[in-house]
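Structure first, commentary second.
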Amino acid sequence: MKIGVLALQGAFIEHIQILRGLGVEAVEVRLPGDLEGLDGLIIPGGESTTIGKLADTYALMSPLRQFAADKPVWGTCAGMIFMARELHSGDGHRDQPLLGVMDVVVERNAFGRQVDSFITPIDVAPFAGEPFPAVFIRGPRLVEAHGEARIIARLADGTPVAAQEGHWLVTSFHPELTGDSRFHDYFVKMIGE
C-alpha cells in the first residue's frame, strides 16, 4: 500500500511519520505525476487558501478531483476545508479554491485564533472504547453534512468535528499531532476495503 500526503504547505511530515510507523509506504505529493500509483491521499492541515492557490499554481486541481473520484482521500483541518463542497457563507472566504468533493458545509477558523488552540477527548463512532485526543488549532467547524456524508465524531457540546462520505474522510482537528494512530489506521483500513 502506498499513501500520498499533499506536501504543498502545512503539517505533512507528521502524517508521513505516522503512516511509516504503521508500516505503510508514504510519499510527498507536490505535482500531478506524484499521484500515480497511490492507493490513497491525505490533505493535511495548514492554511486552506494557500493550499488551494498552490494546487492551482501547480495544476493539481483537476488531477486531485480525478484521484478523489476513485480513491480514498482524508482531509485534516485545512484539508477538510479544501475538500468541502461549500464554505459557510458568514466566514467571508467563499472565493478560495476548493476541491469541492465532499458534501459538507464548513466554517473556517470556527474555534478561534492560534492562542485558542486546545486538546479535548472526543468519542469517535468507528472507535469503540477510549476517547480520541483531538488537537484543535484554528480548526474549522463542520456546519452540516448532506447526502451520503455522515458525522462520525462530535465534541461534548454536540458540535460535529469529523465526517465520512464513502471513501472520503474529514476531521476538524489534527490526529497527526497526537501519539494516537487510530485515525491513520482507520484510513489505511478504508483504503484496504
CG of Leu6 to CD1 of Ile43, rounded to nearest 0.5 Å, is 6.0 Å

Would you say the side chain of Leu142 lies within less than 4.5 Å of the side chain of Met80, judging by non-hydrogen atoms?
yes

On the 0 to 90° scale, with breaks at 30° and 60°, tag the Trp74-His184 ring pair as parallel, tilted or perpendicular.
perpendicular

Distance-minimising heavy-atom pair for Asp123 and Pro131
OD1-CG, 3.8 Å

Begin from the C-alpha positions of His15 and Gln17 and carry the test side-chain hydrogen bond (donor to acceptor under 3.5 Å, both in side chains) through to its verdict.
CA-CA 5 Å; His15 282 291; Gln17 290 170 340; over 6 Å; no

So how far is it from Phe187 CZ to Leu41 CG, rounded to the nearest 0.5 Å?
7.0 Å

Heavy-atom nearest pair, Val24 first then Met1, reads CG1-O, 4.0 Å

So if I apply the side-chain contact (heavy atoms from CB on, under 4.5 Å) rule between Val135 and each of Thr120, Thr76, Leu177, Asp180, which one comes out positive?
Leu177

Determine whether Val27 and Val5 make a side-chain contact, defined as any pair of heavy atoms from C-beta on separated by less than 4.5 Å.
no

So which heavy atom on Ala55 is nearest to which on Leu8, and how close?
N-CD1, 3.6 Å

Is any side-chain heavy atom of Val124 closer than 4.5 Å to one of Tyr186?
no

Taking the side chain as every heavy atom from C-beta outward, state whether Thr171 and Cys77 have any pair of such atoms under 4.5 Å apart.
no

Which atom pairs, one a donor and one an acceptor, fall under 3.5 Å between side chains of residues 64-71 and the rest of the protein, sequence neighbours left out?
from	atom 1	to	atom 2	distance (Å)
Arg65	NE	Leu99	O	3.0
Arg65	NH2	Leu98	O	2.8
Lys71	NZ	Leu38	O	2.7

Looking at Thr159 and Leu155, would you say the former's side chain and the latter's main chain have a donor-acceptor pair under 3.5 Å?
no

Rounded distance (nearest 0.5 Å) linking atom CD1 of Ile13 with atom CD1 of Ile16:
5.0 Å

Beyond-backbone contact of Met83 with Val73, side-chain heavy atoms, under 4.5 angstrom
yes

Hey, are the side chains of Val105 and His146 touching, using non-hydrogen atoms and a 4.5 Å cut-off?
yes

Taking Arg85 for its side chain and Val101 for its backbone only, find out whether a donor-acceptor pair lies under 3.5 Å.
yes

If every non-hydrogen atom of Ala11 is compared with every non-hydrogen atom of Glu176, which pair is closest and at what distance?
CB-OE2, 3.5 Å

Can a donor-acceptor pair be found, under 3.5 Å and without considering hydrogens, that links the side chain of Ser172 to the backbone of Pro140?
yes

With a 6.0 Å cut-off on ring centres, are Phe173 and Phe183 close enough?
yes

Donor-acceptor check, side chain of Glu165 to backbone of Asp103, threshold 3.5 angstrom: yes or no?
yes

Non-hydrogen side-chain atoms of Val170 and Met102 separated by less than 4.5 Å
yes

Just verifying a value: how many Å separate Glu148 CD and Trp168 CH2, rounded to the nearest 0.5 Å?
10.0 Å

Listed once per pair and sorted, the salt bridge (Lys or Arg N to Asp or Glu O under 4.0 Å) pairs that draw on residues 22-32, sequence neighbours left out:
Glu28-Arg30

What's the spacing between Glu144 CD and Ile151 CD1 if we round to 0.5 Å?
9.5 Å

Within this structure, what is the CD1-CD1 distance for the pair Ile81 and Ile51, rounded to the nearest 0.5 Å?
8.5 Å

On a heavy-atom basis, which atom in Ala149 and which in Ala145 lie closest, and how many Å separate them?
O-CB, 3.8 Å

Would you say Phe127 has more than 12 foreign heavy atoms packed within less than 6.0 Å of its CZ?
yes

Inspect the contact between Lys2 and Asp39 and indicate whether a charged nitrogen and a carboxylate oxygen are less than 4.0 angstrom apart.
no

Minimum-distance pair of heavy atoms, taken over all atoms of Ile3 and Val188:
CD1-CG2, 3.9 Å

Side-chain contact test, heavy atoms from C-beta onward, threshold under 4.5 Å: evaluate it for Phe132 versus Pro121 and give yes or no.
no

